[in-house]
Amino acid sequence: MAKITFLEAIAQAQHEEMARDDSVFLMGEDVSGNVYGSSGGLLEEFGPQRVLDTPICESGFTGVAIGAAMVGMRPIVDYTIASFMYLATDQLVSMAAKSSYMYGGQTHIPAVFRAAMFYNGGIAAQHSDRNYSMFMNVPGLKIVVPSSPYDAKGLLKSAIRDDDPVLIFEDGNLWGQRGEVPGEEYLLPFGQANVLKVGSDVTIVAIAARVGESVKAAERLAKEGITAEVIDPRTLVPLDTHTILESVAKTGRLLVVDQGHRTCGAAGEIAAVVAEQGFWDLQAPIKRLTAPDMQIPFSTALEQGFYPDAGMIATAARELVKE
Amino acid sequence: MAKITFLEAIAQAQHEEMARDDSVFLMGEDVSGNVYGSSGGLLEEFGPQRVLDTPICESGFTGVAIGAAMVGMRPIVDYTIASFMYLATDQLVSMAAKSSYMYGGQTHIPAVFRAAMFYNGGIAAQHSDRNYSMFMNVPGLKIVVPSSPYDAKGLLKSAIRDDDPVLIFEDGNLWGQRGEVPGEEYLLPFGQANVLKVGSDVTIVAIAARVGESVKAAERLAKEGITAEVIDPRTLVPLDTHTILESVAKTGRLLVVDQGHRTCGAAGEIAAVVAEQGFWDLQAPIKRLTAPDMQIPFSTALEQGFYPDAGMIATAARELVKE
Amino acid sequence: MNSVSESLQLEMYRRMGLIRHFDQAVQKLFNSGRIPGSTHLSIGQEGEVVGACMALREDDYMVGNHRSHGHPIGKGAGVNALMAEILGKATGVNQGKGGSMHLADFSVGSLGESSIVGSGLPVAVGAALGSKMQGNDRVTLCFFGDGASNQGYFHESMNMAALWKLPVVFLCENNGYGVTTPNRRAAALEDISARAAGYGTPSTIVDGQQCLAVYDAVTEAVERARGGDGPTLVEAKTYRYHHHSEGPLYDNMTYRPDEELAAWKLRDPLLLFRQQLAGYLGAAELDKIEEQAQAEIAGALEFAELSPFPEPEEGYTHLYRTPIAVYGGEL
Amino acid sequence: MNSVSESLQLEMYRRMGLIRHFDQAVQKLFNSGRIPGSTHLSIGQEGEVVGACMALREDDYMVGNHRSHGHPIGKGAGVNALMAEILGKATGVNQGKGGSMHLADFSVGSLGESSIVGSGLPVAVGAALGSKMQGNDRVTLCFFGDGASNQGYFHESMNMAALWKLPVVFLCENNGYGVTTPNRRAAALEDISARAAGYGTPSTIVDGQQCLAVYDAVTEAVERARGGDGPTLVEAKTYRYHHHSEGPLYDNMTYRPDEELAAWKLRDPLLLFRQQLAGYLGAAELDKIEEQAQAEIAGALEFAELSPFPEPEEGYTHLYRTPIAVYGGEL
Ligand SMILES: Cc1ncc(C[n+]2csc(CCOP(=O)(O)OP(=O)(O)O)c2C)c(N)n1
Ligand SMILES: Cc1ncc(C[n+]2csc(CCOP(=O)(O)OP(=O)(O)O)c2C)c(N)n1
Ligand SMILES: [Mg+2]
Ligand SMILES: [Mg+2]
């Protein structure tokens, strides 16, 4: 199997789906220029109509995508950075998420909204958002957080074929990471978690780039005789609660690791689900490891330590196992 | 003490603070016309400059409020309906919440953003949002959810004097409700929960209009010999975890009641805090009662039963106590 | 105007009548407490609604807003399912999920009525983009109010449509007010059409009470759009006889002078239509049409009344086209 | 122009030199990996930056954007704290929390540089509203790019400012591109100033490479604003010599022709300033000023380099002015 980067996997998925289905097109600021590397070759192959550069107007072009979807197109919107979704929140919530429901199924919005998260890069408060949790609170959206090139490709292809609005949050810290991706076509279903490590002492549920850190932590813990089960939900909506609960039934301990803010974040949701449905299996308090409820500073001297890394994860897991 | 409506309490708070401090002013669509009843008399007393009707441009006029706050004004922005905050999300998150931090304390944004929640009124998906949870995920904001006229007045006055951006979510179902409000001036501090009923069998934490439903439920339960402790956090950011944890230490059981959506909602956050910090006190699984993760339908035939009422709360509490 | 066939004129008059009677029926229902939420009537604006919609082809698209009982009717929707929707019935066009503020009928190209002011504008541009990409020659008509024209959406949508020369017609229903705020206290210039110059887009102001004048202006705009020459901004000056929405909220409000309302009523679009056609189409003929419209609405009302409410379980459908498990309350 | 005093002209030249050398120093730092994140230089645009800022009074306000190393300098900020901020040091103007995209210095009326494109526009309008309410006569100058002019914020801000006749000057830095997209592929009309007509707002196009021309245009706009006659839109045609941001992302990109860049460099704002003043201000004098500017930046660099990084605990301050307990990571 070829080893390609996360970004190349995204590019491949877009390429394949655009070749397969004429109604798929890409839009966003500077997409034809392939500034970040996820749209390379698309302009040459599909032309400027299907690789559509937009003016800088996130709220407007999100509405454009929704309108196009209503008449049968399948837009992929690239926001480049997740922070810019705030400008498009009205269209994402009031229109994309609600149209199918409020029109009683007369329409549906098969659109994909891609956004990269560039936290941990000295890019300061206005560009470092990891805001999937806010959108998890909105019924009608599906939320995808791939953690590897393989997942990115398979989940993005599924998202493009999905008939509902799908938000894909790409972890910028993974963009350059390489991983094996098969040559043959494959799709990954929504709502099926990936168990990366099997273990019986503690369950670690991790999101996006925290998955890799958790695997590293699990490897360190293994040397100490602690076996951690590492679960990547892959999609946060729908959430594979079954796999998580089964794991907790076995381990009795849950650590949730998330680079997002804590309050009302994805980690809290997962914790709440287990506190409700897996309570009798728990042998210790649930623990969340998240970014602080703080805005993101520019200086590396300040930002370092903001996001849970392998060391912090291992420490937290060790403490949990002791309880 | 006089019995006044929730809306009158809001109007009083605004009136008193505008009279006290020249830098306080009200802005929003149709505020001078007092359409909904929270700005009555203000135009006559303070004139059109301090009761400023804006064009319909939520993103823009939110930015205007922020700019005015930066130069020393203390705007109160009235969105009328919380659903319209989605248009202003960029300004609320990228500017209001982040400015103090990213400019290293050179500035701060003493602005109040008021929004009413009109769910349960046949007003359909685009006007029925109860979206405080989304904003709880944003560090830098303070989030207030009053549940009575007394609280509304005291908390709004505190919000206006607070030096940070405060979002106040007013439950439209409470606007007409009457309650006692003292003639003398008072302020309510942020981060101090209100214990409405003392009990030892189960802790019920409820938000906004769910507080009244929970009190009703507690009264029914009392007749059956079950004593429920009903806690209203009053402010969700900051959250008075201390009062909640102390209560759970006594009751061993937690029910969280919220009219918001479930996933990544306020109820989940409260559940997660207790699953982490109050775990050893718990004698039963935590339970959330929330609106479904569904958009809001127009037809009363469909919307009824969407939000936990006294009956549903009592049933859930009974089940919890049995476990 | 003389090119407008007699049958088309009759149909215009019929649809104006349908809208008038539809909204009058809705008003009664609302006053008797039968309609939850809030409802916005377009009585007084029927001329521009019908004139604009009828300039479209049947397979063209139309986007409305919160004041959109008339828009789908103008586009040719059947009134039964619309009325049933207003009452929250299972037979409603949205099966009771949308109600008064979302009266869309996709089967006639009515692509949704979003009640978030201004939010329909980019959606209309998107539909036009879709048509262009699909290589068909459909045009999208977008209704929006004077108040909506102050949203950023207006600017972004005008710019993209002009830049990409998309087949879209922007129809500003300038009824002088957004809720209680007069346009002159919300927009820097009273003529919204003045803004078109910033995008190199043609624009025109038309008397919204003259159905045929609107028809002509929009027909020209539609031709331009269909011919690949991009958008046009048509501003129809009009008036709503009712307050912003039904109910007691606006009783005793003085935001607009009584004489203003009275003056506009003298220029009622149905009245003007009759005057304009006098001699050419007989009064008896027009009376008959109006009576038929009234009867059709009475029938719709009966249909709606007799229809069942949806079952509670129906509240949990249609969120997704490809459903996933979600927390569903007590179900 | 002749009314501009010699000392003011010298100061203009000095600030242009400061900005040029500041950004050149930043470029070197970035290339050597000393600056995290991304950084946007305004080399080539110094003329409009300084010309506009110097038309302000010291107590006036100014709002910048992502390309705002120069804006606070133009407004009179000291360069030490700015440079220290770029390096993420504790002595930075934002104590290391903001960095290159947020170089605000509130002490000189620089009210923040928001890197969300367009978001500074309504904030500037708000500052102007505040001034009006407070009854002082301060003016707010708002910088924004050609790309930003396509955001809804532009429209909403122009409308409110014009409607309320607020003391604000909108300065569009039209450098022809937003990242790699030429203005003509993003805006329906190339002249952003054409949009002012839609709000009844005066507008003017000015050669952004001619510092004094910009100064004159903005001075007029500032006078209008201060006099209570509302906003003006000034469009400065300019060019950035560098790509959108530093780093390898744009290497080998062909979105703009080499000849275009070369042609603009012939009209370098510092060069043109010297030419225009030739004879009037001596070359020697100007050389000296530029050398002093260079030395000042060298000093700032040294100050920044020698300054300590903030302590990790500092990452947990300033979120609120009235602090509340929040989850604070490992602290
Ligand atoms: C984004 C948003 N802001 C505010 C409202 C409340 N609102 C509903 S209609 C309306 C006035 C709209 O005025 P206009 O666009 O002129 O349309 P008209 O009602 O006059 O037909 C307002 C403010 C809303 N629905 N959406
Ligand atoms: C809302 C938003 N969208 C996109 C971006 C990414 N971005 C940063 S600068 C820029 C181009 C801005 O162009 P322009 O306004 O012309 O300013 P210039 O960079 O040319 O000075 C873009 C797209 C952003 N920062 N904010
Ligand atoms: Mg109107
Ligand atoms: Mg530019």
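Chain naming here is simple, since letters A, B, ... match the order of the sequence lines and numbering starts at 1 in each.
Of the possible donor and acceptor atoms, none in the side chain of D:T322 sits under 3.5 Å from a partner among the backbone N and O of B:D162.
Heavy atoms of D:T140 lying under 4.5 Å from chain B are absent altogether. Proximity to chain D involves both the backbone and the side chain of B:T107, based on heavy atoms less than 4.5 angstrom apart. The contact between D:V93 and chain B is made by backbone and side chain atoms together, counting heavy-atom distances below 4.5 Å. Contact of B:F190 with chain D is not made at all, since no heavy-atom distance falls under 4.5 Å. Only the backbone of B:D53 comes within contact range of chain D, judged by heavy atoms closer than 4.5 Å. Proximity to chain D is limited to the backbone of B:L141, based on heavy atoms less than 4.5 angstrom apart. Looking at B:T54, the atoms closer than 4.5 Å to chain D (heavy atoms on both sides) sit in the backbone and in the side chain alike.
To the nearest 0.5 angstrom, B:I109 atom CD1 is 9.5 Å from D:R321 atom CZ.
Side-chain contact between D:V326 and B:V237 is absent, with no heavy-atom pair separated by less than 4.5 Å. The closest side-chain heavy-atom distance from D:Y320 to B:H108 is not below 4.5 Å. D:H318 places none of its side-chain heavy atoms less than 4.5 Å from the side chain of B:M102.
Here B:G140 is the residue among B:S99, B:G105, B:G140 with the most heavy-atom pairs under 4.5 Å with chain D. Heavy-atom pairs under 4.5 Å with chain D were tallied for B:G60, B:P139, B:S23; the largest tally goes to B:G60. Contact count versus chain D (heavy atoms, under 4.5 Å) is highest, among B:G104, B:P55, B:S94, for B:G104.
A cation-pi arrangement, defined by a distance under 6.0 Å to the six-membered ring centre and an angle within 45 degrees of its axis, is absent between D:K97 and B:Y103.
More than 12 heavy atoms of other shown residues, nucleotides or ligands fall within 6.0 angstrom of atom CD in B:E185.
Residue-level contacts of residues 76-87 of chain B with chain D do not occur; threshold 4.5 Å between heavy atoms. Residues of residues 65-75 of chain B that come within less than 4.5 angstrom of chain D, heavy atom to heavy atom, are B:I66, B:G67, B:A68, B:M70, B:V71, B:G72, B:M73 in numerical order. Using a 4.5 Å heavy-atom cut-off against chain B, the contacting residues of residues 101-128 of chain D are D:H102, D:A104, D:D105, D:F106, D:S107, D:L111, D:G112, D:E113, D:S114, D:I116, D:S119, D:P122, D:V123, D:V125, D:G126, D:A127. For a heavy-atom cut-off of 4.5 Å, chain B lies close to D:Y153, D:E156, D:N159, D:M160, D:L163, D:W164 in residues 145-172 of chain D.
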Subject >> Check against side chain to side chain contact (heavy atoms under 4.5 Å, CB included), B:D164 and D:L319 >> reply: CA-CA 9 Å; B:D164 296 307; D:L319 181 61; over 6 Å; no

